[in-house]
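The chains referred to below are lettered A, B, ... by the order of the sequence lines, with proteins before strands, and numbering in each begins at 1. The structure displayed is predicted, hence computed values, not measured ones.
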Amino acid sequence: MPELPEVETTCAGIGPHIVGQVLRAVDVRDGRLRWPIPENLAHQVVGHRVRCVRRRGKYVLIEFAHGGLIGHLGMTGSMRVVTTQEPPSYHDHFDLSFDQCLVRYRDPRRFGSLLWQDSPVESHALLAHLGPEPLTDDFNVDVLETACKGRKQAIKTLIMDSKRVVGVGNIYANEALYMAGINPHRQAGRVSRARLQKLVMAIKEVLADAIEQGGTTLRNFVDSEGNPGYFKQQLRVYGRAGKPCLTCSKPLKETRLGQRSTVYCGACQR
DNA sequence: AAATTCTCCTGAAGGC
DNA sequence: TGCCTTCAGGAGAATT
């Protein structure tokens, strides 16, 4: 599933092909995504020139002078550049058509989305209340401590809340909490500042590492059209329930937290 | 206001 | 081999 690194790599991958190009058509074969693709979307954007492609949280923003397309890859979405004559397959739900190429969106489970927002793009309701980007200085111990103060919510649920910080999905929340030695169930308000500092650093580290792998992940994905692949051998806890903790060798526990699989070491994480 | 639960969807994996 | 059930999950919406 696309995490922040895949979204980052997606933007980097399609940007060079379409920035400066005029969008010629939006071909929607199946607009039933998480939200239906608006019927009038093509009219608002066809004939305009792409100014930039960038990421905000896990949203892909394709911006024009007068607004922008807001894309989300959901669970199983991907955007890739293909040649104009390549025929679409079953789950290829829409194409953004340019003179020399297409940006083709594929999404078997259709949890993704494609929306339009007039300038400024970030005024859209989906973007307006997002928290800071985890890899910038805007996400720091002061911000996290304020967010946690007095909260009874589990720390894992809090760091996965995009209003607090964007881009921390289930896999990386599990990994970061393990790296910081914090039990995912611990109440957010009961984590010391020193340990929140560790958590901030762990989130930045795990995402930065994943972005380095993201390129590789996406290349594999495009080449094989198979699993996105997470280089699971590098994950310390996610997907390793029952297996020995890499620090103390005790078996890792698995629980549910907010309907999400949560794996941790009962000994190393307090 | 804060926290939890529900919801969308379909491929993969497990059970028999 | 094949059918059935269960699970996975981003994140907004609904509910408590």
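Taking atom CG on A:Leu158 and atom P on B:dT4, their separation rounds to 11 Å, with Å as the unit. Rounded to an integer number of Å, the gap from A:Asp161 CG to B:dT5 P is 16 Å. Atom-to-atom, CD1 of A:Ile155 to P of B:dA3 comes out at 11 Å; the value is rounded to the nearest Å. Atom-to-atom, CD1 of A:Ile171 to C1' of C:dG10 comes out at 12 Å; the value is rounded to the nearest Å. Distance, A:Leu33 CG to C:dG12 C1': 15 Å, rounded to whole Å. A:Asp107 places its CG atom 20 Å from the P atom of C:dA8, with the value rounded to the nearest Å. Between A:Asp30 atom CG and B:dC8 atom P there is a gap of 17 Å when expressed in whole angstrom units. Rounded to an integer number of Å, the gap from A:Arg34 CZ to C:dG9 P is 16 Å.
Residue whose closest nucleotide on DNA chain C sits further toward the 5' end, between A:Lys163 and A:Arg109: A:Arg109. Mapping A:Gly258 and A:Arg151 onto DNA chain B by nearest heavy atom places A:Arg151 closer to the 5' end of the strand. Comparing A:His91 and A:Gln259 by the nucleotide of DNA chain B whose heavy atom lies nearest to each, the residue mapping closer to the 5' end is A:Gln259.
Backbone-only contact: A:Leu126 has heavy atoms under 4.0 Å from sugar-phosphate atoms and none from a base. Residue A:Thr157 is out of contact with every strand shown, counting any heavy-atom pair closer than 4.0 Å.
The bend of the helix from B:dA2-C:dT16 to B:dC16-C:dG2, defined by the angle between the axes of its first five and last five pairs, stands at 50° to the nearest 10°.
Once rounded to the nearest 0.5 Å, the distance linking CZ of A:Arg49 with CG of A:Leu23 reads 11.5 Å. Atoms CG and OG1, on A:Asn170 and A:Thr262 in that order, are 6.0 Å from each other to the nearest 0.5 Å. Remark: A:Glu254 CD to A:Tyr238 OH distance equals 8.5 Å, nearest 0.5 Å.
Checking C:dG9, C:dG10, B:dG11 against the side-chain heavy atoms of A:Pro108 singles out B:dG11 as nearest. Of the candidate nucleotides B:dA3, C:dA11, C:dG10, C:dG10 has the atom nearest to the side chain of A:Phe111. If you check B:dA3, C:dG12, C:dG10 against the side chain of A:Asn170, the one that comes closest is C:dG10. Checking C:dG9, C:dA8, B:dA3 against the side-chain heavy atoms of A:Arg256 singles out C:dA8 as nearest. For A:Trp35, the side-chain atoms get nearest to C:dG12 when compared with the rest of C:dG10, C:dG12, B:dT10. Nearest nucleotide to the A:Tyr59 side chain, out of C:dG10, C:dA11, B:dC9: C:dA11. Side-chain atoms of A:Gln153 lie closest to B:dT4 of the nucleotides C:dG12, C:dG10, B:dT4.
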Show your reasoning for whether side-chain contact (heavy atoms from CB on, under 4.5 Å) applies to A:Gln269 and A:Lys253.
CA-CA 11 Å; A:Gln269 291 173 260; A:Lys253 296 181 179 179; over 6 Å; no
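With hydrogens and angles left out, the side-chain atoms of A:Thr255 and A:Tyr264 include no donor and acceptor closer than 3.5 Å. For the residue pair A:Arg106 and A:Ser89, a side-chain donor N or O sits within less than 3.5 Å of a side-chain acceptor on the partner.
Contact between the side-chain N/O atoms of A:His72 and the OP1/OP2 oxygens of C:dG10 is not found at any separation under 4.0 Å.
Between A:Trp116 and A:His66, the ring planes lie tilted relative to each other; the angle falls in the 30° to 60° range.
The two atoms that bring A:Val60 and A:Cys11 nearest to each other are CG1-SG, 3.9 Å, heavy atoms only.
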